[in-house]
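Notes to accompany the following structure.
Start at 1 with the first residue, then count along the sequence. For ligands, and for the atoms within them, numbers begin at 1 and follow the listed sequence. Worth knowing before you read on, the calculation uses all heavy atoms, side chains too, and leaves out hydrogens, waters and symmetry mates. This structure is a prediction, so every number in the text was calculated from the model and none was measured.
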Amino acid sequence: MRHTKVKDLLNSTTTLQEVNAKGWVRTFRNNQFIALNDGSTINNIQCVVDFENTPDEMLKRITTGAAVSVTGTLVESKGAGQKFEIQVAKLEILGDSDAEKFPIQPKNKPSLDFLRENAHLRVRTNIFGAIMRVRSVLSYAVHSYFQEKGFVYVNTPIITGSDAEGAGEMFKVTALPFDGTPRKEDGKVDYKEDFFGKETNLTVSGQLEGETFAMALGQVYTFGPTFRAENSNTSRHLAEFWMIEPEVAFNDLDDNMDLAEEFIQYVIKYTLEKCPEDLKFLETRLLEEEKAKPQAERSELALLDKLNFVLENNFKRVSYTEAIDILRNCTPNKKKKFNYIINEWGADLQSEHERYLVEKHFKCPVILFDYPANIKAFYMRLNEDGKTVRAMDILFPGIGEIVGGSQREERLDVLVEKMKALGIDEEELWWYLDTRRFGSAVHSGFGLGFERLVLFVTGMTNIRDVIPFPRTPMNAEF
Ligand code: ATP
Ligand code: MG
Ligand code: MG
Ligand code: MG
């Protein structure tokens, strides 16, 4: 008999004579009630075992983590909390789980730190099941938005030949010799020369390649793995993450802000509609965590309210210059000043400043724009003031920067001059400059870190908890 997903059994409209469910035991209560989960929903289905007619040997094997198959009748449940349960007629243990050794015991309430060390098993907990389902729906929402709008999905290369961002946070790519035989006369293997004939690295952004496609296809987006050798251990940075990068021809910075705002609201709305139970579960869990904190540190809004707030309110658009004025004149906290006080126009904002603006001053998502040219990348459009560029960062409460974007410099001479000033090799980026040589036009785009979006939507606080197998310094166990 073919098994039915737990989700479908729980949503059934009638009782049914014979059903089969397969999944993993979460708990086994009173030698009678199995809470069975198969990953299709946050909810377990209760399976009532006829323990008087089940041999002790069998009952002993119903342990947390074991894979089982239950066949029986789907009946209305008398217990609170669930509509249906299965009266088990036939129980099979498909895979035993050693109760002593299985590390994810619900009664021990494993900590997130502990679970991180067991990334291959943590997905068997309610919380990680919920996060991973929400992540999956969010990624579908990303494609859904862009496809509905007629954007073309472009897979920009993972292995790239240029150090375009100039951030120096790259992983070099080296190839092993095909047969292990050194191919150089002196016996030394120069892998980089051997394979691509030049130095290559893992992509830190698909933007430059994306721009070349936007200048032919009009509206494009990438959504792919991105690599940065971040040498700091923060709760917002991974060495391997997923980035969403739309790029649109004939769009200026204002259009770019509109696009980012509409996009973020769309994917959040989509996920609220598709994942009500998982989000409710995450909200309840968060509320419990908040209760443990002192009053002053508690978040003002519950998760669903926070998500709805983003849907119902425009993001506040503020220029860098206005933001600096606010920061110069503010008293962030009676007890503690900023660690780093901004005195001069031109300084880069630190995350404490960004958080102040979003969480204390404006109390809503903020789009900061028109940054000083010297703290932003070379390809951003210089404003007529000659000092600022048409850049934007979107800052979210509890997260900080979630989006970085800009209108791109479309004027060849200005771009080349900027590259010269920064020591960026024109020869190296000849192909990029071609977009300015042949039919250049105003265009803009942004990069949104997918995991930061998942952080916001799930209410989690550490980026390592919203990606299946996190990559951070000294951590690539799995
Ligand atoms: P940050 O200031 O947080 O280091 P950034 O300004 O270096 O970010 P961008 O180059 O603007 O990042 O990249 C675009 C987006 O990609 C960021 O706004 C962020 O959402 C995401 N992002 C950047 N670096 C990481 C990372 N190491 N891990 C996860 N997401 C990242
Ligand atoms: Mg960075
Ligand atoms: Mg930044
Ligand atoms: Mg940025």
Side-chain angles (χ1 to χ4, degrees), residues 135 138-139 142 156 160 163-171 202-208 210-211 221-247 253 256-257 259-261 263-264 267 315 320 323 340 347-355 357-358 365-369 371-372 374-380 389-408 444-458 460-473 475-476:
R135 181 183 164 107
L138 259 176
S139 69
V142 170
T156 50
T160 59
D163 172 10
E165 291 283 309
E169 291 171 340
M170 279 170 311
F171 290 102
L202 296 179
T203 181
V204 293
S205 158
Q207 180 201 318
L208 302 191
E211 277 185 57
Y221 71 106
T222 74
F223 180 12
T226 309
F227 306 87
R228 293 190 188 180
E230 305 278 1
N231 63 8
S232 58
N233 254 312
T234 78
S235 56
R236 303 282 178 269
H237 292 91
L238 290 163
E240 178 182 293
F241 62 102
W242 286 66
M243 184 135 68
I244 298 152
E245 294 177 276
E247 190 71 36
L253 189 69
N256 201 30
M257 292 186 204
L259 175 69
E261 191 169 338
F263 166 75
I264 293 172
V267 295
F315 299 1
Y320 166 89
Y340 174 83
D348 205 355
L349 300 184
Q350 308 291 309
S351 59
E352 55 179 331
H353 303 125
E354 297 178 340
R355 296 190 72 146
L357 290 169
V358 175
V366 171
I367 309 185
L368 281 186
F369 63 92
Y371 281 81
N374 60 337
I375 57 171
K376 288 288 180 186
F378 77 95
Y379 47 71
M380 298 185 180
V389 282
R390 303 243 73 195
M392 67 158 184
D393 273 11
I394 302 186
L395 314 174
F396 257 53
I399 310 281
E401 179 182 336
I402 187 163
V403 165
S406 65
Q407 185 179 319
R408 320 304 188 189
S444 62
F446 62 82
L448 181 149
F450 183 56
E451 284 72 20
R452 297 209 185 158
L453 182 66
V454 184
L455 268 182
F456 183 73
V457 174
T458 57
M460 298 302 291
T461 50
N462 191 320
I463 201 161
R464 294 168 182 78
D465 296 332
V466 298
I467 189 164
F469 295 97
R471 297 280 174 267
T472 51
N475 182 12

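Residue contacts with ligand 1: L448 is placed with no nitrogen or oxygen under 3.5 Å of a nitrogen or oxygen of the ligand (distance criterion only).
Distances from ligand 1 to the non-hydrogen atoms of L453 include no value under 4.0 Å.
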side-chain contact (heavy atoms from CB on, under 4.5 Å) between M243 and R452: does it pass, once the steps are laid out? CA-CA 10 Å; M243 184 135 68; R452 297 209 185 158; over 6 Å; no
Evaluate side-chain contact (heavy atoms from CB on, under 4.5 Å) for I367 paired with D393, printing each intermediate quantity in order. CA-CA 6 Å; I367 309 185; D393 273 11; over 6 Å; no
Evaluation steps, side-chain hydrogen bond (donor to acceptor under 3.5 Å, both in side chains), between N256 and R408: CA-CA 11 Å; N256 201 30; R408 320 304 188 189; over 6 Å; no
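The M243 neighbourhood of ligand 1 comprises atoms 13 (O), 14 (C), 15 (C), 16 (O), with distances under 4.0 Å to a heavy atom of that residue. Near E230, meaning under 4.0 Å from one of its heavy atoms, ligand 1 places the atoms 24 (N), 26 (C), 27 (N). Interface of G404 with ligand 1, defined as ligand atoms under 4.0 Å from a residue heavy atom, comprises 11 (O), 18 (O).
Comparing heavy-atom distances from atom 22 (N) of ligand 1 across F450, F446, F241, W242 singles out F241 as nearest. In this structure, of E169, R228, E401, the residue bringing a heavy atom nearest to atom 24 (N) of ligand 1 is R228.
Within the 4.0 Å heavy-atom criterion, the part of V403 lying near ligand 1 is the backbone and not the side chain. For I463, every heavy-atom contact with ligand 1 shorter than 4.0 Å involves the side chain, none the backbone. Only the backbone of R236 comes within contact range of ligand 1, with a heavy atom under 4.0 Å; no side-chain atom does.
Taking the Mg ion (ligand 3) as reference, E401 places its N/O/S atom OE1 nearest.
In this pair, Y320 and Y371 present their aromatic rings tilted. The plane angle is within the 30 to 60° band. The aromatic rings of F450 and F223 sit perpendicular, their planes meeting at an angle over 60°, well past the 30° parallel limit.
The closest side-chain donor-acceptor pair between Q207 and Y379 falls under 3.5 angstrom.
At least one side-chain heavy atom of L357 sits less than 4.5 Å from a side-chain heavy atom of L368. Contact check for I264 versus V403: side-chain heavy atoms found under the 4.5 Å cut-off.
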